[in-house]
Amino acid sequence: MNGEQLELRYIPLPQARRWDANPKRHDLDRLVRSIETHGFGDPPKYDATLGALVYGNGRTEALERMRQAEKEPPRGILALEDGQWAVPVIFGVDAESMAAAVAFAIDHNNLTLLGGDLGFTELLQIWDEPGLQSVLTEVPDAGELLASLDSQDVESLLQGPDFEPVAAEEQSRLDEKKHVTCPECGNEFQP
């Protein structure tokens with residue numbers, strides 16, 4: 001058995017260090033509403049290689065917003081004696097390199113969406129595109145480790161914020177799934 005294990009620990013909310021360069025967009029109002037409704041059941045993960053949360057940045061920010069608004073701690077969050085909140089965080093199985101940590105952070109978000117018929121351009125809507133470009137430029141080896149984007153997707157992304165998608169016959173595997181059926185004639189086509 002491999003010696004690496006995951007460990008869940010409650011830590012004070014201010015110590016759950018978010019990734020400053022995280023390019024993922026978050027709808028904090030909806031995150032707050034979800035946490036209030038369902039509790040906090042999806043702990044963030046700290047990665048020592050990244051030196052910050054590799055995922056769960058938005059949920060942690062939503063908790064901070066709730067705490068600042070002096071709301072009651074939701075289910076799954078502990079109230080500490082000093083009035084602070086403690087958040088469950090997953091530790092262990094850290095990335096082997098900064099490139100691997102960045103790739104995992106991107107993949108963790110993208111892969112939850114790829115079961116549908118999203119194309120590359122739709123997938124990009126969850127990201128601050130210039131921020132994602134910056135991260136992939138600063139850690140260029142991360143692009144090669146991505147499971148959710150192929151090299152063509154990464155190259156298109158790095159061409160600039162206003163890139164034009166490649167011709168239909170050259171589109172990435174993400175866009176290959178996107179077919180629309182005309183309700184009148186029944187013909188399938190790619191938009």
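Judged by distance alone, the side chain of Asp153 and the main-chain N or O of Asp150 form a donor-acceptor pair under 3.5 Å.
Asn110 is linked by a side chain to side chain donor-acceptor pair (under 3.5 Å) to Trp127, Ser148, counting only residues two or more places apart in sequence or in another chain. Glu61 pairs by the side chain to side chain donor-acceptor pair (under 3.5 Å) definition with nothing, not counting sequence neighbours. Annotation: side chain to side chain contact (heavy atoms under 4.5 Å, CB included) contacts of Asp94 (sequence neighbours excluded): Lys45, Asp47, Ala48, Thr49. Looking at residues two or more places apart in sequence or on another chain, you find a salt bridge (charged side-chain N to carboxylate O under 4.0 Å, His left out) between Arg9 and Glu7. Residues satisfying the side chain to side chain contact (heavy atoms under 4.5 Å, CB included) test with Glu138, not counting sequence neighbours, are Ser134. Glu36 pairs by the side chain to side chain donor-acceptor pair (under 3.5 Å) definition with Lys71, not counting sequence neighbours. By the side chain to side chain contact (heavy atoms under 4.5 Å, CB included) test, His38 pairs with Ser34, sequence neighbours left out. In this structure Arg18 satisfies the side chain to side chain donor-acceptor pair (under 3.5 Å) test together with Glu64, sequence neighbours excluded. Among residues two or more places apart in sequence or in another chain, the side chain to side chain contact (heavy atoms under 4.5 Å, CB included) test is passed with Tyr10 by Leu78, Ala86, Pro88.
The shortest side-chain heavy-atom distance between Gln133 and Gln159 does not fall under the 4.5 Å cut-off. With contacts defined as side-chain heavy-atom distances shorter than 4.5 Å, the pair Tyr55/Ile90 qualifies. Contact of the His108 side chain with the Val54 side chain is not registered, since no non-hydrogen atoms from C-beta on lie closer than 4.5 Å.
The CG atom of Leu146 sits 12.0 Å away from atom CZ of Phe104, with the distance rounded to the nearest 0.5 Å. With rounding to the nearest 0.5 Å, the separation of CZ in Arg75 from OG1 in Thr37 is 10.0 Å. Of the inter-residue distances, the one linking Thr121 atom OG1 with Glu129 atom CD reads 10.0 Å to the nearest 0.5 angstrom. In this structure, Thr137 OG1 and Leu158 CG are separated by 5.0 Å, a value rounded to the nearest 0.5 Å. In this structure, CG in Leu136 is found 6.0 Å from CG in Leu157, a value given to the nearest 0.5 Å. Note: Arg30 CZ to Ile35 CD1 = 14.5 Å, rounded to the nearest 0.5 Å.
When hydrophobic side chains of Ile, Leu, Val, Met, Phe, Trp and Tyr are connected at separations under 4.5 Å, Leu28 ends up clustered with Leu31. Other cluster members for Leu145: none, since no ILVMFWY side-chain heavy atom sits under 4.5 Å from it.
Using a 4.0 Å cut-off between charged side-chain N and carboxylate O, Lys24 and Asp128 make no salt bridge.
At a threshold of 4.5 Å between side-chain heavy atoms, the hydrophobic network of Ile, Leu, Val, Met, Phe, Trp and Tyr places Met66 and Ile11 in one connected group. Follow the hydrophobic side-chain contacts under 4.5 Å out from Leu80 and you never reach Leu13; the two are in separate clusters.
Sorted by first and then second residue, the pairs that involve residues 70-101 and meet ring pair (Phe, Tyr, Trp, His ring centres under 6.0 Å), not counting sequence neighbours, are Tyr46-Phe91.
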Could you walk me through whether Arg17 and Leu53 pass the side-chain contact (heavy atoms from CB on, under 4.5 Å) test, one step at a time?
CA-CA 6 Å; Arg17 184 165 182 259; Leu53 298 178; 5.8 Å; no

Between Leu149 and Asp107, does the side-chain contact (heavy atoms from CB on, under 4.5 Å) criterion hold? Intermediate values first, please.
CA-CA 8 Å; Leu149 300 175; Asp107 280 345; 5.9 Å; no

Evaluate side-chain contact (heavy atoms from CB on, under 4.5 Å) for Leu114 paired with Leu123, printing each intermediate quantity in order.
CA-CA 8 Å; Leu114 288 179; Leu123 188 64; 4.1 Å; yes

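Heavy atoms only, all atoms of each residue included: Asp82 and Gln84 are closest at OD1-N, 2.9 Å. Pro23 approaches Gly131 most closely through the heavy-atom pair CB-C, 3.5 Å.
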